[in-house]
Visitor: 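Got a structure for you, questions after.
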Amino acid sequence: MKKEKYHNWIKEFMDSWKALDWERTLKTLDQNVEYYENPIDEACNSFDEVISLWNVVADNQKDIDYQYQILSYNEDTCIVNFQMTRTMTSTGARQEIDGIFQISLNEDLKCTFFKQWRFTRER
């Protein structure tokens, strides 16, 4: 898979997150995605569980900015380093995040595997 395809997917995923449009974010994922919100937890059991993770985004965060860099990719997998800042609406705390996404895309450019590692710091 060409780097541009991964770049396009990541940009859409991150832009929709920044726009707080969780329904748009979910459109980047295959209905059968193996989705790990946290690398030490089990994958989500269903797409409904993934929806539950995302449908609160518009209510609990705002003022999102991000950048990313593709670190490595091949036909099957892409590794992305991302940095994000956001404000948590319940507390007003500003967070900085540095993380890694591991993604795999199908021929329809939907994510079939998603796993993230991240470090979050409040300022």
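For reference, positions follow the sequence shown, starting with 1.
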Visitor: Within the structure provided, determine whether L71 and Q69 are in side-chain contact (heavy-atom separation under 4.5 Å).
Guide: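 Side chain of L71 against side chain of Q69, heavy atoms only: contact under 4.5 Å found.
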Visitor: Please state whether the rings of F101 and F114 are parallel, tilted or perpendicular, taking 30° and 60° as the class boundaries.
Guide: tilted
Visitor: Are the side chains of I103 and F113 in touch, meaning some heavy atoms are under 4.5 Å apart?
Guide: no
Visitor: Checking K3 against Y73: charged group under 6.0 Å from the ring centre and within 45 degrees of the axis?
Guide: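 No, K3 does not sit over the ring of Y73.
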Visitor: Could you give all pairs that pass the salt bridge (Lys or Arg N to Asp or Glu O under 4.0 Å) test and reach residues 96-112, with sequence neighbours left out?
Guide: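 Found E96-R121, E96-R123.
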Visitor: Any donor and acceptor pair, going by atom type alone, linking the side chain of T91 with main-chain N or O of A93 inside 3.5 Å?
Guide: yes
Visitor: So which heavy atom on V57 is nearest to which on L53, and how close?
Guide: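 Closest approach of V57 to L53, heavy atoms only: CG2-O, 4.2 Å.
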Visitor: L26 and F47: which non-hydrogen atoms are nearest, and at how many Å?
Guide: O-CZ, 3.9 Å
Visitor: What is the minimum heavy-atom distance between Y66 and K11, and which atoms define it?
Guide: OH-O, 3.8 Å
Visitor: Can you sort out the partners of E12 under salt bridge (charged side-chain N to carboxylate O under 4.0 Å, His left out), two or more places apart, ordered by chain and number?
Guide: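 With neighbours one apart ignored, the set is R24.
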Visitor: Between W9 and T28 (side chain of the first, backbone of the second, donor and acceptor by atom type, cut-off under 3.5 Å), is there such a pair?
Guide: yes
Visitor: For residues 58-65, run the donor-acceptor check on the side chains, cut-off 3.5 Å, and write out each pair with its distance to 0.1 Å, sequence neighbours left out.
Guide:
{"residue": "Q61", "atom": "OE1", "partner": "W17", "partner atom": "NE1", "Å": "2.8"}
{"residue": "Q61", "atom": "OE1", "partner": "R86", "partner atom": "NH1", "Å": "3.3"}
{"residue": "D65", "atom": "OD1", "partner": "K18", "partner atom": "NZ", "Å": "3.4"}

